[in-house]
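Written out below as structure tokens is the structure these notes cover.
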Amino acid sequence: MAENTSMLEVRNLEKRFSADGGKIVKAIDNVSFDIPKGTIFTLLGPSGCGKTTTLRSVAGLETPDSGEIVVSGRTVFSSAKNIRVPAAERGLGMMFQSYAVWPHMTVFENVAFPLTVPIRRGQYTKAQVEQEVGRTLDAVALGGFEGRHATQLSGGQQQRLALARALISRPPLLLLDEPLSNLDAKLREKMRFELKRLQADLGVTSIYVTHDQNEALGLSHQIAVMNQGQIVQVGSPRVIYEQPANRFVAEFVGTTNFVPAEVLGRDGERYMVETAFGKLSLATPRALNTGDKIVLSIRPEHVMVKAEAASGPNSWDATVKTNIFLGFHQDLEVMAGGLLLEARIHPSLDVPVGTPVSINIAPDRCIVCD
Ligand SMILES: Nc1ncnc2c1ncn2[C@@H]1O[C@H](COP(=O)(O)OP(=O)(O)O)[C@@H](O)[C@H]1O
Ligand SMILES: [Mg+2]
């Protein structure tokens, strides 16, 4: 069953490198994941966590020490069965940050190149190559640019050209390693939309590697968060953001407040916990015991600020310590019971530094992460 719907299966992958001074680095430490056909799967994590090594292993550019890689039902790597299909025979599309477009070639020549390499020579007539190039350039909105030299394109157009080159041979699986990281912020946002549209139009399955949480949240069907060679959580963008499995994920994906708390006991369906700013009613699927010391993750957008005194449950008095006005919202630091919390509020609320306010936090917006 899974064999029919998976485009890529990675099982128990391991790769060690010997670093300077003979130290062994576990670049990939028992990594497994599954990518359903037609989806974008993102490896997200800080620099050095093993994203590129994982991608290069799938591509066949790196030989893992152990594990198994299956592309569309075909085993391309297996340490146990001693299978090692060379990169050129895996039929994958790749676009790496370091793979620039070829400046001495025209747009047409850049995109046509993968169809004319030795392994495919003779498979396409000249007319077919022209047709495929035209179709692919249209897909990335570069139709009509065939005769231009690659260097006459803007940064964003060059990025789309590199994407067209990766797509032209209609790979079942597209490998993208930080493809937008060379672009400025505005262009990066625009390309995010284009990639998403292109993915929907072409339905190509993709692994996307990035250290940028916004890119990951905005583009992916599934995100695997990596740390030190291991996958620490896999889930939809919403699950990764709203139900982080641990402190690392909560901190790496988005901004959050960590609030230490001690469990006082059950409170009906909820728990009552003690925090620096007072008693807090908490809704969590986790089983807690009286006396447990825990850490809550509370996102700034869930710290509700009102310019009036605290009243009712989960409401506490606080003072505005910092106010950063950003047009579409305001970022506040508020002091409550000796604890500094970040709050993200609507721009219309007039609460300058020093204003006495109250904060309110919904019981189900407090995530137990430690
Ligand atoms: N060829 C190599 N030789 C030695 N160490 C390497 C090599 N490639 C990667 N590493 C190490 O493996 C770890 C993971 O690297 P990498 O996969 O490039 O991480 P990421 O892409 O997440 O930044 C890092 O500690 C890196 O220094
Ligand atoms: Mg990398």
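Position 1 is the first residue of the sequence; numbering continues from there. First listed ligand is number 1; within each ligand, the first listed atom is number 1.
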Interatomic distance, OH@Tyr208 vs CG@Asp177, rounded to 0.5 Å, equals 9.5 Å
When rounded to the nearest 0.5 Å, the distance separating CD1 of Ile207 from CD1 of Ile40 is 11.5 Å
Electrostatic pair Glu68:Arg11 at N-O distance under 4.0 angstrom: no
Short N-O contact, Arg344 and Glu342, less than 4.0 angstrom: no
Any side-chain donor near an acceptor of the partner, Asn323 and Gln330, under 3.5 Å: yes
Is the distance from the Mg ion (ligand 2) to some N, O or S atom of Thr52 under 2.8 Å? yes
Hey, which residues fall under 4.0 Å of ligand 1 on heavy atoms? Phe17, Val25, Ala27, Pro46, Ser47, Gly48, Cys49, Gly50, Lys51, Thr52, Thr53
Does the Lys NZ or Arg CZ of Arg286 fall within the cation-pi geometry relative to Tyr271 - under 6.0 Å from the ring centre and within 45° of the axis? no
